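Here is the structure we will look at, set down as structure tokens.
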Amino acid sequence: MKTFIEILKGMLIGTANVIPGVSGGTIAVVTGIYDKLIDAINSIIKHPIKTIKEIWMYIVGLIIGIIFAVFVVTHLLQNYEIQTTALFVGLIIGALPLVIKNIENKKVKPIDITVFIIMMIIVIGLPFFSMMGKTSTDVNTNPILMCIIGAVSAATMIIPGVSGSMFLMTIGYYQKVMGLVSSTIKSIITLNISEFFTNFIILLPFAIGVLIGIILIAKLIKWLLSKYNKTMHWAILGLVVSSPFAVIMNVNLANSTIVTILISIVTFGIGYYSANVLSKLGKW
């Protein structure tokens with residue numbers, strides 16, 4: 001059961017990283033494995049085999065979550081955007097008490113409150129930039145540029161409250177990258193070797209950039225946590241608390257109906273309840 005729960009956490013993180021506005025870093029925080037993943041990323045170069053043995057279930061879940069999101073969640077977002085978004089908002093809010101535990105019974109300093117507010121402003125402001133993003137799939141796929149974009153998007157994926165997918169959407173690369181990922185997965189399933197290599201050549205620099213970005217930002221976050229632990233947890237709380245607002249702002253509410261709202265309340269409740277149940281089962 002514990003292994004299944006850990007794989008499920010990885011799935012949630014993988015799914016979140018594909019959805020614009022939803023932060024994989026936030027989901028890692030609310031599922032209680034953020035610090036563990038940061039430590040693992042920092043040690044994977046020195047102790048690769050040992051580290052992979054410790055986090056293999058998250059890696060498996062991450063891959064499953066990405067595939068699930070590319071083919072299922074994106075479809076749900078296109079057809080049931082409000083209801084699907086409500087599920088993730090419920091999941092985040094339901095796990096907030098777990099995040100708050102990191103700062104309970106600790107003396108609050110002005111710098112803590114300042115950082116908390118700044119992080120909230122940053123996250124809530126990000127959707128406004130995504131609204132200015134391009135949607136064309138006709139973008140520059142120069143290997144060096146793809147590597148840089150991969151590195152930056154990976155950094156945004158690992159920071160709680162910041163959506164890597166939203167970053168890709170802002171610069172106009174979201175549709176292109178998601179299209180390549182979807183096409184690559186389909187080519188593997190259908191054994192279309194030529195299509196696989198065509199997509200793989202374009203995606204490889206992006207994937208290398210993602211690895212570089214994850215390793216670099218993980219080292220920075222680990223250093224900040226070791227030097228400014230309490231303040232960093234206040235910053236993370238600010239990022240997580242503001243995440244639901246950023247997610248909702250990324251949703252088109254114009255066509256909502258009473259039925260849509262009622263179903264969204266149900267899906268919100270499912271997400272909220274799931275966060276509580278999983279926290280007890282997985283003891284995160």
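Note that the structure is predicted; figures quoted are calculated from it, not measured.
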Show the atom names and distances, to 0.1 Å, of all donor-acceptor pairs under 3.5 Å that link a side chain in residues 40-47 to residues at least two apart or in another chain.
unit_1	atom_1	unit_2	atom_2	d
N42	ND2	I38	O	2.7
N42	ND2	A218	O	3.1
S43	OG	D39	O	3.2
S43	OG	A40	O	3.2
S43	OG	T51	OG1	3.2

Please check if [X] and [Y] belong to a single hydrophobic cluster, counting links between Ile, Leu, Val, Met, Phe, Trp and Tyr side chain heavy atoms closer than 4.5 Å.
X: V266; Y: L76; value: no
X: L204; Y: I193; value: yes
X: V181; Y: I67; value: yes
X: L87; Y: M11; value: no
X: V152; Y: M146; value: yes

Flag side-chain contact, heavy atom, 4.5 Å: [X] against [Y]:
X: P244; Y: I93; value: yes
X: I149; Y: L145; value: yes
X: F68; Y: V18; value: no
X: H233; Y: L237; value: no
X: T15; Y: I66; value: no
X: K9; Y: M57; value: no
X: F71; Y: K186; value: yes
X: V108; Y: W234; value: yes

Stepwise side-chain contact (heavy atoms from CB on, under 4.5 Å) test for Y228 and I111: CA-CA 11 Å; Y228 313 101; I111 185 63; over 6 Å; no
For the atom pair [atom1] ([X]) and [atom2] ([Y]), what is the distance rounded to the nearest 0.5 Å?
X: I148; Y: I208; atom1: CD1; atom2: CD1; value: 13.0 Å
X: N17; Y: L12; atom1: CG; atom2: CG; value: 11.5 Å
X: L216; Y: K219; atom1: CG; atom2: NZ; value: 8.5 Å
X: I13; Y: L8; atom1: CD1; atom2: CG; value: 10.0 Å
X: L37; Y: I59; atom1: CG; atom2: CD1; value: 9.5 Å
X: K222; Y: I217; atom1: NZ; atom2: CD1; value: 14.5 Å

Distance-minimising heavy-atom pair for M119 and G238: CB-C, 4.2 Å
Smallest separation among heavy atoms of I202 and P205, with atom names: O-CD, 3.3 Å
Side chains of N229 and T231, donor plus acceptor under 3.5 Å: no
Any sub-3.5 Å donor-acceptor pair from [X]'s side-chain atoms to [Y]'s backbone N or O?
X: S182; Y: G179; value: no
X: T267; Y: S264; value: yes
X: T84; Y: E81; value: no
X: S187; Y: T184; value: yes
X: K36; Y: I55; value: no

Verdict with reasoning, K227 to M232, per side-chain contact (heavy atoms from CB on, under 4.5 Å): CA-CA 9 Å; K227 293 289 184 179; M232 275 296 292; over 6 Å; no
Matching residue for Q83 among I261, T260, I265 - test: side chain to side chain contact (heavy atoms under 4.5 Å, CB included): T260
Parallel, tilted or perpendicular, as decided by the 30° and 60° cut-offs, for the rings of F196 and F200: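 Answer is parallel, since the angle falls under 30°.
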Derivation of the side-chain contact (heavy atoms from CB on, under 4.5 Å) call for C147 and F206: CA-CA 4 Å; C147 185; F206 181 83; over 6 Å; no
More than 12 heavy atoms of other groups within 6.0 Å of I258 CD1: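 Atom CD1 in I258 is not packed in, count stays at 12 or less.
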Intermediate values then yes/no, side chain to side chain donor-acceptor pair (under 3.5 Å), D112 and T114: CA-CA 5 Å; D112 300 330; T114 302; over 6 Å; no
